[in-house]
Trainee: 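Please read through the structure below; I'll follow up with questions.
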Amino acid sequence: MNNVILLNRSNLEDQLDSQGMLEVAEQLIERMKEHVQYIAKGVYEQFVVDVKMVVDNVLKNITAHFIVHEDEDEQYREESEGLKYILFQDVTTTDKG
């Protein structure tokens, strides 16, 4: 989906990298974009995206928290109509096995 912009992608990647799970970043971002397209409607609405993956032979549940953000630059507001700006908040992981 081209009309979703993750404003702080590097924060998501840094948190995942610190936990040895950088490879799940793209999957989380794609699921976030799908979620925003069909579910998240309002500015400042918070939502979560869950991904399960095996890391070091352990099944992990990875939960990323996001928030729909407002375009604060009024100059571009008309040009960016239909764009959704998303801020990554944090990521949590739990072992499932």
Side-chain angles (χ1 to χ4, degrees):
M1 180 174 180
N2 293 331
N3 56 350
V4 175
I5 298 172
L6 180 58
L7 297 172
N8 57 346
R9 180 186 180 122
S10 62
N11 292 356
L12 170 64
E13 291 173 342
D14 289 346
Q15 281 197 29
L16 290 171
D17 192 30
S18 72
Q19 297 180 40
M21 297 182 289
L22 182 58
E23 64 275 7
V24 78
E26 287 302 320
Q27 188 176 2
L28 277 172
I29 291 168
E30 287 305 312
R31 289 199 184 171
M32 174 272 296
K33 288 179 177 182
E34 291 171 7
H35 184 89
V36 168
Q37 180 180 9
Y38 296 110
I39 298 170
K41 302 295 182 199
V43 174
Y44 304 117
E45 180 178 342
Q46 296 179 350
F47 60 96
V48 298
V49 175
D50 290 314
V51 172
K52 290 180 178 52
M53 70 176 293
V54 176
V55 177
D56 295 329
N57 295 323
V58 177
L59 180 62
K60 296 202 178 262
N61 186 51
I62 302 150
T63 304
H65 302 258
F66 298 92
I67 187 167
V68 179
H69 189 68
E70 182 177 25
D71 181 8
E72 296 173 357
D73 192 344
E74 288 188 38
Q75 174 183 353
Y76 299 109
R77 210 170 266 161
E78 271 186 40
E79 294 174 19
S80 64
E81 193 67 33
L83 283 178
K84 294 224 183 202
Y85 296 94
I86 307 300
L87 283 173
F88 164 72
Q89 292 184 300
D90 65 11
V91 67
T92 57
T93 60
T94 53
D95 294 349
K96 292 292 183 184

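Both backbone and side-chain heavy atoms feed into the values below; hydrogens, waters and symmetry mates do not. Numbering starts at 1 and runs along the sequence shown.
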Trainee: Does a side-chain heavy-atom distance below 4.5 Å link V55 with T93?
Mentor: no
Trainee: State which residues pass side chain to side chain donor-acceptor pair (under 3.5 Å) with E23; sequence neighbours excluded, sorted by chain then number.
Mentor: none
Trainee: Can you name the side chain to side chain donor-acceptor pair (under 3.5 Å) partners of E13, sequence neighbours left out?
Mentor: R9
Trainee: For the CD1 atom of I86 and the CD1 atom of I67, what is their distance to the nearest 0.5 Å?
Mentor: 9.0 Å
Trainee: If two hydrophobic side chains count as joined below 4.5 Å and joins carry through other members, does M53 share a cluster with V49?
Mentor: yes
Trainee: Could you pull out the closest heavy-atom pair between Q89 and F66, with the gap in Å?
Mentor: OE1-O, 3.7 Å
Trainee: Are L6 and N8 packed together at the side-chain level, in the sense that at least one heavy-atom pair is separated by less than 4.5 angstrom?
Mentor: yes
Trainee: Residues two or more places apart in sequence or in another chain: which of them pass side-chain contact (heavy atoms from CB on, under 4.5 Å) with T63?
Mentor: V48, D50, N61, H65, T92
Trainee: Below 4.5 Å, heavy atoms only, C-beta onward: do I62 and Q27 meet side chain to side chain?
Mentor: no
Trainee: Are side-chain heavy atoms of F88 and Q15 found at a separation under 4.5 Å?
Mentor: yes
Trainee: Looking only at heavy atoms, which two atoms of A25 and L12 are closest? And how far apart?
Mentor: O-CD2, 4.5 Å
Trainee: Got a second to check how far H35's NE2 is from K84's NZ, nearest 0.5 Å?
Mentor: 10.0 Å
